[in-house]
Protein chains: 4
Amino acid sequence: MTDAPRTARGTRTRARLLEAAEQVFAECGYSEASIVRITEAAGVAQGTFYLYFSSKLEIFEELVEDLNRRVRHAMTEAAAGATTRIESERAGFRGFFEFTAQHPALYRIVREAEFVSPSALRLHYTRIVDGYIDGLSTARDNGEVGDINPGIVAWILMGIGEMVGMRWVLWGSDVADDGAAGAENDPTASGTSRVPDEVFEQMMRFIQRGLGAPAPGTPPEHAQKTGKDRT
Amino acid sequence: MTDAPRTARGTRTRARLLEAAEQVFAECGYSEASIVRITEAAGVAQGTFYLYFSSKLEIFEELVEDLNRRVRHAMTEAAAGATTRIESERAGFRGFFEFTAQHPALYRIVREAEFVSPSALRLHYTRIVDGYIDGLSTARDNGEVGDINPGIVAWILMGIGEMVGMRWVLWGSDVADDGAAGAENDPTASGTSRVPDEVFEQMMRFIQRGLGAPAPGTPPEHAQKTGKDRT
Amino acid sequence: MTDAPRTARGTRTRARLLEAAEQVFAECGYSEASIVRITEAAGVAQGTFYLYFSSKLEIFEELVEDLNRRVRHAMTEAAAGATTRIESERAGFRGFFEFTAQHPALYRIVREAEFVSPSALRLHYTRIVDGYIDGLSTARDNGEVGDINPGIVAWILMGIGEMVGMRWVLWGSDVADDGAAGAENDPTASGTSRVPDEVFEQMMRFIQRGLGAPAPGTPPEHAQKTGKDRT
Amino acid sequence: MTDAPRTARGTRTRARLLEAAEQVFAECGYSEASIVRITEAAGVAQGTFYLYFSSKLEIFEELVEDLNRRVRHAMTEAAAGATTRIESERAGFRGFFEFTAQHPALYRIVREAEFVSPSALRLHYTRIVDGYIDGLSTARDNGEVGDINPGIVAWILMGIGEMVGMRWVLWGSDVADDGAAGAENDPTASGTSRVPDEVFEQMMRFIQRGLGAPAPGTPPEHAQKTGKDRT
DNA sequence: AATGAATGAGAGTTCATTCAT
DNA sequence: TATGAATGAACTCTCATTCAT
């Protein structure tokens, strides 16, 4: 009754609907987004929507799944060339922020998903977290980080990334915010993401210390202790 | 055209509406919540609502403001007796999680606010963050933590608290989640909040290290203590 | 959330909706009838409908119930003055046909109810049938009719009345129908109903005989046997 | 613009559509039935439907026509071997009930047809009635029944059959119904139809008497036989 | 201060039908 | 002959809001 297109034309239409949905959801959020808006954006009739999706919720969940796949891809892709744990972490966060900057939908959609589709929300977070867990477990076993519990610390990293991403990528550096003034005034951010360098560095330094990781270039046996010496 | 009640009866009605709204918003989210439901829960007629609030948005924003005031109160109250920075931090997080456990509305409402009232959302986060900034600035000047940028690190702490709160307070410890298995199986959480002790301790250790703070029981002259000296 | 009006105005509106619904259902049948049509006919807004009825089905069922009550009232009322069983039967059918002529909705609605609300349909028939059963049981015990099973014969009477009503009241006497030509050409029907006299008399004679009832003015002891002698 | 298939394959497809339609209409009624459902049940694409039928109404009317032909066939077939009028009547009703039991569609569809296609409905009834009229006219001329008006009595028989069929074939014997209790408890019905024997016998006795026909086993010179002589 | 009837725009969804392939 | 994508009007139903009482 719905779902899989059987011709090339159908495939194209379905894809256009998904694109339109991402755009509309990002702009107005789940509940303000309407099928009319989505189909208008996709340039098809309302009825066409129901040829491929059985409800607004269904396309939403597919979209969350899709974005999740893409953000994870962006993160692993970014981290691909890294040789040390911490480099990989840096690259991963960079990838995350850049993806967020390019697809603000991710953030907006995911946060609202709490009410719309709790299961989709959990799956999204859990999948990303699982990636962190893998990396952290390996790093711990290699002595690259301290004796942390990866299943917990992964959520911490997730929280940091999400909040920093919201604050600096989504809101931008022009937000009135006493106290971080220095950073605000410097909109020069590396890459395409809008996280100012100082913010990114502070964040990475915090994480590194938090993980009990040796500073870059420091012999591994001094790990946590000598973290202060760098810079 | 609305707003301030002029009699004691009116004051009571208004309060009942706010209470009902918190409950209804927490249960269904902003857009699913309807005035009918709120007025029903408050035991008044639909028209009565508009005697005290000019729109659904208005009561929502007032509610966010109210919750924000209360969560900050809970945090400072909890931290009141603390003598060291880290103790205060611990107590603050404890207070935060406990409040969240008792008022899941906070989380749910705030996360959806992104689309409903971005300004309310920002105000909420900013106010909490400002509290962190104050504490962190003082701590840095006292040498209790490393030479961090409080305007950035505050957001990091916010992110950690929010994600851990979502994961363990809102979702509970019974969520399937490979990797943090040990923690999951131990639902003994201190206080009324549902964050398992191990999770809480891991989080605090991460934060402490991240801040460049001396580990508890560690002689202050060592490693982390001097973190502030750099730069 | 729906149903009972609390003011005189509300009561009036609800009644207008029911009236409009009867009219619209009679005209177009259940599925072609739309809430728009009903509310337009009632002169209220669409939303108003849902103040008093939670769905099209609900108003339909209430209407069937209502019509059922009224048709039974019309039948018993008509039969009130009758002294013998057969007189009462005659009067009852007369009442039935007259009501049908004035409220064609009854027929149309009830017949379509098979798909819409089987329970309402059954209740409708069962209630009328129960009336027949009572009358027939008494008549049998009095020796006014033969040794029939009232629980079966009642349905037979129901069927006769319904079909004759459909054929002559609803379709009218102007229907092309070879074979009953004589009756057709005589549109003079007693009372306000449109069942031609000959049809009514044939029907009553059939029923009388079928019941094993003595012809009017015949001593009861000859009951079935001498039925032929009358006229 | 549509209609007649030109190949064997087309003929098969058309037949499959009709079959599917009967099934779907019987299940959901006319308005709830959708072309999608019919085509799905038939295993063809939606567009294919319009190759053979120009509209939903058209297939409906063809179906009513078809069923009408078949039910009449079933009735005449069943009555074929009968030697007396009353035997033939019995057999005819048996055939009718059996057909109804096997094709509940007949009932359901026909009753809803009132709104969908009044002309089809009338044609359906009229044709069956015409069969009765023929039989009754002959019987009357032969003195097998009283001096009835076949054009009227035929409709009476139709009504009896329809109501008994609805009550016992469609609803079944397990319907709560005070008064006919004895019959309910005996689900042993002859043939494949579900009309209990007692119900069938009561019905036939009623009809026989109503027609002024001699009871079976009654010497023809008595009572009912001479009913025709009156007037 | 409080009520609850009334509104009407707009939501999601269905479906008979058309048409290019 | 057969497909299935596409249409768009129509449907039922919801809800924030207004207003007479």
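Worth knowing before you read on, the calculation uses all heavy atoms, side chains too, and leaves out hydrogens, waters and symmetry mates. Chain naming here is simple, since letters A, B, ... match the order of the sequence lines and numbering starts at 1 in each.
For the pair D:Arg16 CZ and F:dT1 P, the computed distance is 14 Å after rounding to whole Å. Between the C1' atom of F:dC11 and the CD atom of A:Gln46 lies a distance of 12 Å, rounded to the nearest Å. Spacing between atom CZ of B:Phe53 and atom C1' of F:dC15 amounts to 19 Å, rounded to whole angstrom units. Between C:Phe49 atom CZ and F:dC13 atom C1' there is a gap of 10 Å when expressed in whole angstrom units. Summarising the geometry, the separation between OH on D:Tyr52 and P on E:dA16 is reported as 20 Å, rounded to the nearest angstrom. Between the CG atom of A:Leu17 and the C1' atom of F:dT7 there is a distance of 14 Å, rounded to whole Å. The nearest whole Å value for the distance from the CD atom in C:Glu40 to the P atom in E:dT7 is 13 Å. One atom, CD1 of C:Ile59, and another, P of F:dC13, lie 12 Å apart when rounded to the nearest Å.
Distances shorter than 4.0 Å separate some side-chain N or O of B:Thr13 from OP1 or OP2 on E:dA2. Within the 4.0 Å cut-off from OP1 or OP2 of F:dT14, not a single side-chain nitrogen or oxygen of C:Tyr50 is found. Proximity of C:Arg9 to the phosphate of E:dA6: a side-chain N or O atom is located under 4.0 Å from OP1 or OP2.
Aromatic ring pairs are classed by plane angle as parallel below 30°, tilted from 30° to 60° and perpendicular above 60°; the pair B:Phe25 and B:Tyr30 is parallel.
Counting only heavy atoms from C-beta on, D:Lys56 has its side chain closest to E:dA16 among E:dA2, E:dA16, F:dC11. In this structure, of F:dG8, F:dC13, F:dA2, it is F:dG8 that holds the atom nearest to the side chain of A:Ala45. Ranking F:dT3, E:dA5, E:dT3 by closeness to the D:Val44 side chain, first place goes to F:dT3. The side chain of C:Thr7 has E:dA5 as its nearest neighbour among E:dA5, F:dT17, E:dG10. Residue C:Thr48 places its side chain closer to E:dT7 than to any other of E:dT14, E:dT7, F:dA2.
Ion pair C:Glu112/D:Arg108 not flagged as a salt bridge, since none of the NZ, NE, NH1 or NH2 atoms sits closer than 4.0 Å to an Asp/Glu carboxylate oxygen. Between C:Glu62 and C:Arg14 a salt bridge is recorded (basic side-chain N to carboxylate O distance below 4.0 Å). A salt bridge links B:Glu22 with B:Arg70: the distance from a Lys NZ or Arg NE/NH1/NH2 to an Asp or Glu carboxylate oxygen falls below 4.0 Å.
Between C:Gly43 and A:Glu32, it is C:Gly43 whose nearest contact on DNA chain E lies nearer the 5' terminus. Between B:Gly10 and C:Gly47, the residue anchored nearer the 5' end of DNA chain E, judged by the nucleotide with its closest heavy atom, is B:Gly10. For B:Ala33 and C:Val36, each mapped to the nucleotide of DNA chain F holding its nearest heavy atom, the one lying further toward the 5' end belongs to C:Val36. Nearest-nucleotide mapping onto DNA chain F: of C:Ser34 and B:Arg37, the residue sitting toward the 5' end is C:Ser34.
The partner of E:dA6 is F:dT17, by the rule that a Watson-Crick or G-U pair needs both atom distances under 3.5 Å.
Counting all heavy atoms, side chain and backbone alike, C:Lys56 lies closest to C:Ser31 at NZ-O, 3.5 Å. Across every non-hydrogen atom of D:Pro5 and D:Tyr52, the tightest pair is CB-CE2, 3.7 Å.
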